[in-house]
Amino acid sequence: MARGRLRIYLGAAPGVGKTYAMLEEGQRLRASGADVVAGFVEPHGRRPTAAMAEGLETIPRHTMIHRGASFTEMDRDAVLARRPQVALVDELAHTNVPGSRNAKRWQDVEELLDVGTDVVTTLNVQHLESLGDVVRQITGVQQRETLPDEVARRADQIELVDLPPELLRRRMLHGEIYPADRVEAALTHYFRVGNLTALRELALLWLADRVEEGLQRYRVEHGITAPWETRERIMVALTGGPEGETLIRRAARVTARTPGSQLLALHVIPGDGLVHADPAALAAQRALVESLGGSYHQTTGDDLPETLLQFAEAENVTQIVLGASRRGRLSTFLYGSVGRRTIQRSGPIDVLVVTHEEAAGSSSPLRLPHPARATGPRRFWGAMLLAAIVLPALTLLLVVLRGHVDLALVLVLYLLTVVVIALVGGLLPALFAALAAGLLADYYFTLPLHSLDVEHTSDIAALLVFVVTAVVVGSASGTAARRTYEAVRARSEARALSRLATSLMHGQDLPALLEQVREDFGLDAVSLLQEDTEHPADPRWSLVAAAGENPPERPYDADVETPVDSPAADGLTLAARGRTLSGDDQLLLGACAAQLVMAYAHGRLAAVAAETGLRAEAEHTRSSLLLAASRDLRAPLHAAEEALRRLPSPPAAADGRSSVQRDDSRLLDTARSSVRRATQLVTDLDDLSRLRAESLDLYLRPVDLDEVLTAVLDTLGPGSDRIRCTLPEHLPDAIADAAVLTRVLAALTAEALRHTPPEEPAHLTAEVRTGRLVIRVGDGTGAGSGSAASMTDASPPTDTVILRLARDLAEAMGGTLDSVASGPRFAMALTLPAAVPYTERPPS
């Protein structure tokens, strides 16, 4: 008998619609002619889910008694006896009541699958066994009902049922997931946006891994070896050498820049089975790979490039990271480079060769070469002094050995001396040495001796050729020396800037960066100073950071000063003490100072971000406390209101009541009014917290103000007869949510009545200014005489919770609520967008 097929609807959290999707699939299968039964469906009191189950044949549940309580479970035996084509079974990870034949529902489902019944079921990602610790860390809740991952992996089809966290919280707020008494606790704990986002990511990643497994099976079954770049896989080749950590971190940075990518590390053991690498180093590198979220692998092979590429093809690797060779040039020439051979055979796989400190030719930490070592007066006079010492000494030695050397050897030795002097001092010392060597050779080694005359014509030609050759070779040597210095200088500058930028990216602090600059330039102390721009006449400097002993605290105390010309500089200057720098070093120091300013600005931004995070956390804590307080106060207030309502009222006739009874009646009315205000205050606090949590749905549309005011007057009840409404004709509609606008105006008019003397009416007026509708509420003076220019941004004198809520609701609708300058009386102005462009008509 063929085994049944298992289909799982996977969700990130309760309420995303898994059961609804399962029932919808059951209805579709039933409509197509399949034999479908509902083995176990749990609608959780949700009406749309229960409605979707209508029309499906339902297997009655099996009732069990445990510890005196009655429980219902899926009647597995009844479903097996019914033998349907498709069974709908909700909550795959459910734990059965003790005493059942199977401890878990997924074991019941396995029995159904074994008899050939297809099963459609639901599962939340937090119930997977492998994700239990991660879910507990995210949500703080330990999941007790878990499912082995292998059960879900064996499913023939897994479909993700997904909802954005904001929409899920909105469904929760509307009571579509949990009962009303559980909504507040769920929103502030398990159903926080961060929790839902993390669970959603877990579900997507777990499902992506299952899709990847299916893709790998398909490639193996069809003999596909070329990599498919469905996702980036970066493999780093490890030899166990000291450069391994550098390569791993470089590959990890590449992986981090590509979302969804995977990091692998491979160490190839030679075919003889002997491990030539340091086991301790390999173990440390393996731990580093795993700490960065990668996986470590080992394989055996004699041909290293071929082995790397075979593993890369098998794992669908898209990039290989190799270290630069540690061999010298001769060894690379004789035996070849692993990186070059890998690149030649890699085909569509990218190969990245990373340099490191252990690579052949890499130098020790740099120190910028001083200009005097290649050019300048010091090298010039040093070369001249060398010529003045070496040429006489060489001449004396050759005179002593005159009988053993000929003119050709003498000229060669003089030429060598000229080349050395050219390398030291450049062109001018080389010309001087060439002429001096020619004269010495003529005077001491050509006939007649001790005379500048030349007896043989061939000797004259030899001396001329020598002088010309010495000049040419000396000039070329001097130019080459200067070019070599310039290349070394450029490379040193580039390495200095690169090291500084790398340290900046790794988040090193300012003192460490300044210490690096001090070492590169060979200075005694370096400090970053900031000028106080508030006192331009008397400049004051503050020390931001420093490195070295006795750093300068003011620019005029330093040997080197480099002001930073940058928008982010904010009066910063880099000052140093130790030696005078050349012009080239000054330019390079200025570039380093610009990077230091970037580090300083980044640190300030990080501090501001941290402070903002603390404020946000404090705001969240305050909102949570408000929610908890409103939830705790609601029940006692309802109890007090109910108790006051049941108290007997005093006699109705005024003449039949004593003064004590009248006082009791007045106190009772005051108590009832106070309790009602306290209850409304708690409701307002609750709504304010929801508004701050962005859990309030608004339906903005054109709203007729006359209809809204009618609803406001009905809400106020008997007190509405003291409100005088003055509205112009042809007033445009306001863009707002009708229910929210009614609530705002009701709160404002109630506050206006509370602040207005009994003998005066409260006023409500409206007008249009510059395309916006302005509604003023207050007493006769405040509401009737305020103008747009008189509105202030300050909070009204009565900055109550009610007005805070009204202001936030107005801003949520795209409007504003401001106080109007009207003396001590209450007056507020509500401004909303008008429905159509409106131009005021001049008075006739």
Side-chain angles (χ1 to χ4, degrees), residues 212 215-216 219-220 222-255 257-258 261-286 288-290 292 294-362:
E212 176 61 24
L215 177 63
Q216 292 294 346
R219 295 177 70 243
V220 171
H222 292 77
I224 301 173
T225 58
W228 286 359
E229 296 188 17
T230 54
R231 61 188 293 190
E232 289 288 339
R233 285 180 175 80
I234 293 89
M235 183 187 78
V236 54
L238 300 178
T239 63
E243 75 282 359
E245 293 187 1
T246 302
L247 302 183
I248 293 170
R249 290 190 173 92
R250 181 71 174 89
R253 290 195 297 272
V254 175
T255 306
R257 286 195 292 266
T258 309
S261 58
Q262 183 179 358
L263 174 64
L264 302 90
L266 176 65
H267 173 65
V268 179
I269 301 174
D272 55 12
L274 299 177
V275 179
H276 300 286
D278 183 8
L282 279 176
Q285 292 170 13
R286 176 173 185 170
L288 178 60
V289 169
E290 293 174 349
L292 294 173
S295 57
Y296 179 86
H297 307 269
Q298 282 189 347
T299 187
T300 304
D302 291 324
D303 189 346
L304 184 57
E306 186 64 26
T307 305
L308 291 175
L309 292 174
Q310 287 179 357
F311 181 86
E313 291 175 356
E315 294 295 328
N316 204 19
V317 169
T318 58
Q319 295 186 45
I320 298 177
V321 178
L322 300 175
S325 178
R326 286 179 287 169
R327 296 175 177 176
R329 294 183 179 178
L330 179 60
S331 178
T332 302
F333 176 79
L334 294 176
Y335 302 103
S337 169
V338 173
R340 181 177 301 175
R341 286 186 290 157
T342 304
I343 292 173
Q344 291 173 350
R345 307 179 194 177
S346 63
I349 303 176
D350 297 333
V351 179
L352 175 63
V353 180
V354 179
T355 59
H356 51 86
E357 295 181 355
E358 303 296 330
S362 62

Gap between atom CD of Gln310 and atom OG1 of Thr299 - 0.5 Å precision: 8.0 Å
message: When you compare the side chain of Val321 with that of Val254, does any pair of heavy atoms fall below 4.5 Å?
response: no
task: State which residues pass side-chain hydrogen bond (donor to acceptor under 3.5 Å, both in side chains) with Ser295; sequence neighbours excluded, sorted by chain then number.
output: His297
message: Does any part of the side chain of Asp303, heavy atoms only, come nearer than 4.5 Å to the side chain of Arg345, both counted from C-beta?
response: yes
task: Using salt bridge (charged side-chain N to carboxylate O under 4.0 Å, His left out) as the criterion, list what pairs up with Arg249, not counting sequence neighbours.
output: Glu245
- request: For the residue pair Glu243 and Val354, establish whether any side-chain heavy-atom pair is separated by less than 4.5 Å.
  value: no
message: Within the structure provided, determine whether Val268 and Leu266 are in side-chain contact (heavy-atom separation under 4.5 Å).
response: yes
message: As an exercise, state the distance from CZ of Arg253 to CD1 of Ile234, rounded to the nearest 0.5 Å.
response: 13.0 Å
query: Are Thr255 and Leu292 close enough that some pair of their side-chain heavy atoms sits under 4.5 Å apart?
result: no
Sub-4.5 Å side-chain heavy-atom contact between Ile343 and Val353: yes
Partners meeting salt bridge (charged side-chain N to carboxylate O under 4.0 Å, His left out) with Arg250 (sequence neighbours left out): none
message: Within the 4.5 Å heavy-atom criterion, are Val289 and Arg286 side-chain neighbours or not?
response: no
- request: Might you work through the side chain to side chain contact (heavy atoms under 4.5 Å, CB included) test for Leu309 and Ile320, ending with a clear yes or no?
  value: CA-CA 9 Å; Leu309 292 174; Ile320 298 177; 3.8 Å; yes
message: Could you tell me if the side chain of Leu238 sits less than 4.5 Å from the side chain of Tyr296, heavy atoms only?
response: yes
